[in-house]
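Take a look at the structure below.
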Protein chains: 2
Amino acid sequence: MGIDNRSRIFERGLEILGLIANKRAGVTVDELCEEIRLHRTSVYRYLGALVREGYVDRKNGKYVLGTKVLELASLFLERLDVRETAHPLLVELAEKLHATVHLAQLAGPEIIYIDKIETHRSLPLYSRIGKKAPAYCTALGKALLAFIPPERLQLILRQMTFKPYTDRTVTDPGRFFEELQEVKRTGYAVDKGEHEEGIFCVAAPIFDFYGEPVASVSVTDLMRNSLDKENRYVKEVTRTAWQISFALGSKRRTHLDGGR
Amino acid sequence: MGIDNRSRIFERGLEILGLIANKRAGVTVDELCEEIRLHRTSVYRYLGALVREGYVDRKNGKYVLGTKVLELASLFLERLDVRETAHPLLVELAEKLHATVHLAQLAGPEIIYIDKIETHRSLPLYSRIGKKAPAYCTALGKALLAFIPPERLQLILRQMTFKPYTDRTVTDPGRFFEELQEVKRTGYAVDKGEHEEGIFCVAAPIFDFYGEPVASVSVTDLMRNSLDKENRYVKEVTRTAWQISFALGSKRRTHLDGGR
DNA sequence: TCCCATGTTGCGAAAAACGCTACAACAAAG
DNA sequence: CTTTGTTGTAGCGTTTTTCGCAACATGGGA
């Protein structure tokens with residue numbers, strides 16, 4: 001952490017950019033002079049650089065943010081990989097709960113695991129990074145399906161065949177759809193041995209900058225668990241999912257918010 | 001047009017920010033030194049300011065864009081009333097045509113996407129909000145260039161380099177100018193695989209209260225389409241553009257009316 | 001251990017910014 | 001039609017800041 005005050009001019013320039021950003025209606029040169037206590041001439045020179053580089057535009061004699069900031073933000077988002085962002089938080093979650101944690105994306109009517117964190121106590125499971133599993137009988141899948149746009153959901157439902165993996169697997173489309181509504185309402189999904197016998201999962205969706213569900217995170221344990229433990233899983237998984245969403249720049253405040 | 005080279009330091013700082021933005025994997029101090037031919041010490045001081053203000057973060061010893069750029073971009077988008085006004089109408093258009101819809105602004109000789117609506121059937125495209133594309137080979141760009149004041153057009157034309165993206169890209173300035181006249185006459189622009197191979201676009205300009213073209217709206221599809229479908233796209237896109245213009249208080253009755 | 005890459009600090013020479021004045025272009029007011 | 005005010009440029013002496021050098025930490029990896 002370099003606490004080096006020695007690039008004052010550049011810092012002041014950035015400060016001016018920040019000031020302009022925070023005035024939605026635009027700002028005049030004199031207002032800027034007032035705020036940073038500089039001579040008009042000097043402010044013009046900062047503005048010249050900002051305008052030349054595209055960070056600031058002139059609109060009806062006032063200065064407003066330019067398109068360059070959008071361009072940078074797009075590059076910032078491009079670099080943001082859900083997996084990279086999520087990983088440390090997933091490790092933290094796995095360690096806190098002493099259980100296996102998964103990260104998955106939708107791939108048609110299936111999910112694909114894109115990350116997996118095991119702890120010393122974790123169970124031998126079917127999953128592996130890159131492996132696929134059906135979406136309709138996994139918590140990870142349901143957490144995602146519940147939040148995608150209705151048209152896309154319909155499309156995916158049509159591609160699905162509800163094959164029973166265990167005697168708890170939901171195979172009735174109507175009942176499945178109802179379950180998704182419940183997931184949408186509560187913000188998390190569960191799987192009680194619907195895919196693998198005796199395996200219990202809780203999952204929550206992760207939203208990106210645009211409010212779109214891009215991945216989901218889950219914790220896995222044996223089914224013979226107390227209600228207390230189950231509640232703790234729900235709480236921690238949703239918390240982690242929310243943290244990841246936040247790190248991705250999501251604007252959602254709760255799972256009930258609409259996208260965008 | 002302030003041609004005042006006198007804020008070199010600030011400008012150089014912004015240049016450094018731009019360099020960092022364009023390296024997705026992050027950049028080291030020495031790489032930056034190389035690029036701008038400055039001593040390592042100085043670069044550190046610029047970076048110090050950028051990190052302090054949140055424009056840049058350190059990630060594994062490399063420097064990458066920070067969250068501040070996202071923050072500014074969201075403020076930028078918030079200020080755009082075109083976008084807010086247009087959004088519901090764009091969604092409607094996308095649903096009606098089952099195709100991807102874009103909203104863009106001019107940014108010098110390029111366009112920048114400020115909104116994008118996808119449907120379940122939409123194509124995987126290169127675009128993203130905040131991303132830029134050349135104006136001369138996109139329908140969105142041509143729809144805007146055709147309606148800006150001649151002096152401004154001349155200025156922008158001088159900044160353009162006509163690089164061929166596909167073998168259909170128009171690279172002759174004279175022919176391009178003629179095409180703009182045609183766009184001005186008909187009120188809409190098309191792009192038949194001039195930017196992305198096999199991609200077809202129709203765009204129409206949006207005018208604000210003062211009759212100035214402030215944005216354009218487009219619909220995108222594959223090129224293998226019937227003339228009927230093409231005509232439908234033209235009709236619907238221009239209709240939506242007019243609705244948005246109207247909502248912005250545009251006084252134009254047709255695209256042939258003069259501005260102001 | 002030494003080495004090399006990475007990051008921090010002190011200081012003088014050199015360069016840039018600051019802010020003064022002056023001035024042009026334009027609009028609104030008198 | 002002049003006056004007054006606003007907005008943006010330009011030149012230049014003075015003052016402040018930066019630049020780049022060298023020296024100095026730090027902290028792995030061969």
Side-chain angles (χ1 to χ4, degrees), chain A residues 1-20 23-66 88, chain B residues 1-20 23-66 108 149 151-152 155 209-212 259-260:
Chain A
M1 287 300 157
I3 301 124
D4 190 348
N5 271 9
R6 288 191 271 184
S7 59
R8 255 175 246 198
I9 287 173
F10 183 42
E11 202 149 359
R12 183 153 29 183
L14 292 177
E15 197 187 325
I16 291 177
L17 179 56
L19 285 174
I20 295 169
K23 308 280 181 177
R24 211 205 305 194
V27 68
T28 64
V29 180
D30 286 333
E31 283 170 329
L32 285 173
C33 298
E34 186 83 10
E35 294 244 35
I36 51 166
R37 313 199 94 25
L38 266 176
H39 198 272
R40 216 156 49 90
T41 312
S42 304
V43 175
Y44 275 117
R45 301 207 258 250
Y46 284 104
L47 285 174
L50 286 167
V51 170
R52 268 194 301 281
E53 296 283 328
Y55 290 87
V56 165
D57 261 354
R58 262 166 68 181
K59 202 136 198 171
N60 313 28
K62 296 202 166 195
Y63 292 86
V64 297
L65 278 183
Chain B
M1 294 303 153
I3 303 124
D4 190 349
N5 274 7
R6 286 191 274 182
S7 58
R8 273 172 233 241
I9 287 171
F10 183 41
E11 200 152 11
R12 184 152 35 191
L14 292 177
E15 199 186 325
I16 290 177
L17 179 55
L19 285 174
I20 295 169
K23 308 281 180 178
R24 209 204 306 195
V27 68
T28 65
V29 183
D30 286 332
E31 285 170 328
L32 285 174
C33 298
E34 186 84 12
E35 295 243 33
I36 52 167
R37 316 201 77 53
L38 257 166
H39 198 272
R40 221 154 45 90
T41 312
S42 306
V43 175
Y44 275 119
R45 304 210 252 248
Y46 283 106
L47 285 173
L50 285 168
V51 170
R52 269 195 300 280
E53 297 282 330
Y55 289 88
V56 166
D57 262 354
R58 264 168 70 176
K59 204 142 195 171
N60 319 12
K62 295 202 167 196
Y63 291 86
V64 297
L65 277 184
E151 319 86 78
R152 207 177 141 210
L155 210 73
F209 176 78
Y210 304 103
E212 302 290 335
R260 292 185 191 281

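Just so we're on the same page: letters track the sequence lines, and every chain starts at 1. All heavy atoms count here, side chains included; hydrogens, waters and symmetry mates do not.
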Taking all non-hydrogen atoms of both residues, which atom of L65(A) and which atom of I20(A) are closest, and how far apart?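 In this case the closest contact between L65(A) and I20(A) is N-CG2, 3.9 Å.
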
Testing the basics here: between Y55(B) and L17(A), what is the closest heavy-atom pair and its distance to 0.1 Å?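 Closest approach of Y55(B) to L17(A): OH-CD2, 3.6 Å.
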
How many Å lie between [atom1] on [X] and [atom2] on [N], as a whole number?
{"X": "Y63(A)", "N": "dT7(D)", "atom1": "OH", "atom2": "P", "result": "10 Å"}
{"X": "F10(B)", "N": "dA15(C)", "atom1": "CZ", "atom2": "C1'", "result": "19 Å"}
{"X": "E34(A)", "N": "dT6(D)", "atom1": "CD", "atom2": "P", "result": "14 Å"}
{"X": "L32(B)", "N": "dT6(C)", "atom1": "CG", "atom2": "P", "result": "12 Å"}
{"X": "R52(B)", "N": "dT8(C)", "atom1": "CZ", "atom2": "P", "result": "11 Å"}
{"X": "E31(B)", "N": "dA5(C)", "atom1": "CD", "atom2": "P", "result": "13 Å"}
{"X": "L38(B)", "N": "dA16(C)", "atom1": "CG", "atom2": "C1'", "result": "13 Å"}
{"X": "Y44(A)", "N": "dT9(D)", "atom1": "OH", "atom2": "C1'", "result": "9 Å"}

Among V51(B), D57(B), T28(B), side chain to side chain contact (heavy atoms under 4.5 Å, CB included) partner for Y63(B):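 The residue from V51(B), D57(B), T28(B) that satisfies side chain to side chain contact (heavy atoms under 4.5 Å, CB included) with Y63(B) turns out to be V51(B).
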
Just to be sure I understand the rule, does R37(A) reach a base, reach only the sugar-phosphate, or reach nothing, if contact means heavy atoms closer than 4.0 Å?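 Nothing: the residue R37(A), judged by heavy atoms under 4.0 Å, touches no strand.
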
Would you mind checking if R152(B) and E212(B) are paired as a salt bridge, meaning a charged N to carboxylate O distance below 4.0 Å?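 Looking at E212(B) and R152(B), the cut-off is not met.
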
Go through S7(A) and R52(B) one step at a time and tell me if the side-chain contact (heavy atoms from CB on, under 4.5 Å) criterion holds. CA-CA 11 Å; S7(A) 59; R52(B) 269 195 300 280; 4.0 Å; yes

Map I9(A) and G61(A) onto DNA chain D by nearest heavy atom, then report which one ends up closer to the 5' terminus.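 Per heavy-atom nearest nucleotide, the more 5' residue is G61(A).
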
Ignoring hydrogens and geometry beyond distance, is the side chain of R58(A) in donor-acceptor contact with the base of dG8(D) at under 3.5 Å?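 Answer no: no donor N or O sits under 3.5 Å from an acceptor.
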
Under 3.5 Å, is there an N or O donor on one side and an acceptor on the other linking the side chain of R45(A) and the base of dG19(C)?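 Indeed there is one.
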
OP1, OP2 of dC18(C) versus side-chain N and O of Y46(A): anything below 4.0 Å?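 Looking at the OP1 and OP2 atoms of dC18(C), one of them is under 4.0 Å from a side-chain N or O of Y46(A).
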
If you assign D30(B) and V43(A) each to the DNA chain C nucleotide with the nearest heavy atom, which residue ends up on the more 5' nucleotide?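 Checking each residue's closest nucleotide, the 5'-ward one belongs to D30(B).
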
Taking only N/O atoms, report every protein-nucleotides 26-28 of chain D pair under 3.5 Å with atom names and distance.
none

Just how far is it from atom CD of E15(B) to atom CD of E35(B), taken to the nearest 0.5 Å?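 CD of E35(B) is found 9.0 Å from CD of E15(B).
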
How many angstroms lie between CD1 in I9(A) and CZ in R45(B), if you round to the nearest 0.5 Å?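 Atom-to-atom, I9(A):CD1 and R45(B):CZ are 12.5 Å apart.
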
Side chain of [X] (C-beta onward), nearest among [options]:
{"X": "H39(A)", "options": "dC20(C), dT6(C), dG20(D)", "value": "dC20(C)"}
{"X": "R8(B)", "options": "dT9(D), dC19(D), dA16(C)", "value": "dA16(C)"}
{"X": "S42(A)", "options": "dG19(C), dT17(D), dG7(C)", "value": "dG19(C)"}

side-chain contact (heavy atoms from CB on, under 4.5 Å) between I16(A) and V56(A), worked out: CA-CA 10 Å; I16(A) 291 177; V56(A) 165; over 6 Å; no

Are L19(B) and I36(B) close enough that some pair of their side-chain heavy atoms sits under 4.5 Å apart?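 Yes; the side chains approach each other to less than 4.5 Å.
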
With a 4.5 Å heavy-atom cut-off, do Y46(B) and L38(B) have their side chains touching?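 Answer yes - side chains close enough.
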
Contact letters for nucleotides 22-28 of chain C, in which S counts primed atoms plus P, OP1 and OP2 and B counts the base, heavy atoms under 4.0 Å: -------

